[in-house]
Amino acid sequence: MNKSQASVITGGLTQTSKMPCKSYSLPTIACKTGFRMAQIAGSICSSCYANKGNYVKYQNNIEPVQHARLVSLSDPLWIDAMVTLIGNDRYFRWHDSGDLQDIDHLELIAEVARRTPHCKHWLPTREYSIVAAFHAQHDIPANLIIRLSAMFVDQAVKVPASLQGIANVTVSNVHKSGKPAGKACPAYTRGGACGSCRSCWTNTAVSYPLH
């Protein structure tokens with residue numbers, strides 16, 4: 001399978017200019033917890049960055065591809081295709097938009113990570129229960145960092161008991177007026193770019209300024 005064929009199967013990857021790697025984007029309307037949280041005033045999802053800026057400016061081009069990726073998850077060749085697209089890349093970020101759909105979805109991602117041991121994977125998610133259900137049945141690959149994302153600004157993630165102390169499960173918080181709950185993301189002091197920082201691909205708790 002070549003990369004052109006793999007792109008057809010998966011809907012292709014995304015490349016954000018400020019990130020040091022490629023990523024995979026799904027439609028926010030398919031978020032489970034995130035869609036519910038978006039209806040709650042003051043929640044992080046109610047002002048989701050993936051529903052504004054360039055995501056809106058270029059939505060006529062972006063949304064059809066995001067939906068195609070969502071459909072592609074049922075393709076039996078999806079894992080092979082993702083492995084092909086990641087290739088020799090050293091870092092990968094899952095879901096710059098969208099989130100996990102179910103445990104089967106996380107199993108697919110975990111298998112991609114297992115087949116690309118040279119690559120460090122970062123998966124942010126608000127689907128804590130899906131992660132817990134997955135961990136009850138499987139080990140999390142050593143090269144896959146799962147970040148439980150905060151629900152509200154200046155309210156640190158409360159890690160469920162079932163996920164406390166689990167290797168490769170950490171948190172991402174968001175701060176505005178309060179003190180960063182974790183390592184303050186330095187990207188927003190340099191135009192939003194990661195630069196040389198790779199904290200999101202480690203077990204370090206990270207706190208992002210509201211954006």
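Below, all heavy atoms of this structure are taken into account, side chains as well, without hydrogens, waters or symmetry copies. For clarity, every value in this text was computed on a predicted model and none was experimentally measured.
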Can you tell me if [X] uses its side chain to pair, donor with acceptor, with the backbone of [Y] under 3.5 Å?
{"X": "Asn143", "Y": "Ala113", "result": "yes"}
{"X": "His135", "Y": "Val131", "result": "no"}
{"X": "Gln15", "Y": "Leu13", "result": "no"}

Pi-cation contact, Tyr24 with Arg93 (under 6.0 Å, within 45°)
no
Side chain to side chain donor-acceptor pair (under 3.5 Å) assessment of Lys183 paired with Thr204:
CA-CA 7 Å; Lys183 179 181 178 180; Thr204 301; over 6 Å; no
Could you check if a side-chain atom of [X] sits within less than 4.5 angstrom of a side-chain atom of [Y], using non-hydrogen atoms only?
{"X": "Leu26", "Y": "His67", "value": "no"}
{"X": "Leu148", "Y": "Leu163", "value": "yes"}
{"X": "Val174", "Y": "Ser207", "value": "no"}

Working note: Asp96 + Thr14, criterion side chain to side chain donor-acceptor pair (under 3.5 Å); need CA distance, chi angles, decisive distance, verdict.
CA-CA 9 Å; Asp96 57 282; Thr14 56; 3.0 Å; yes
Intermediate values then yes/no, side chain to side chain contact (heavy atoms under 4.5 Å, CB included), Met151 and Val157:
CA-CA 7 Å; Met151 304 293 183; Val157 172; over 6 Å; no
Quick one, Leu100 with Leu123, criterion side chain to side chain contact (heavy atoms under 4.5 Å, CB included). Give me CA distance, side-chain angles, the key distance, then yes/no.
CA-CA 9 Å; Leu100 293 171; Leu123 169 65; 4.2 Å; yes
Distance in Å, Thr170 OG1 paired with Arg147 CZ, rounded so as to fall on 0.5 Å steps
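The distance works out to 5.0 Å.
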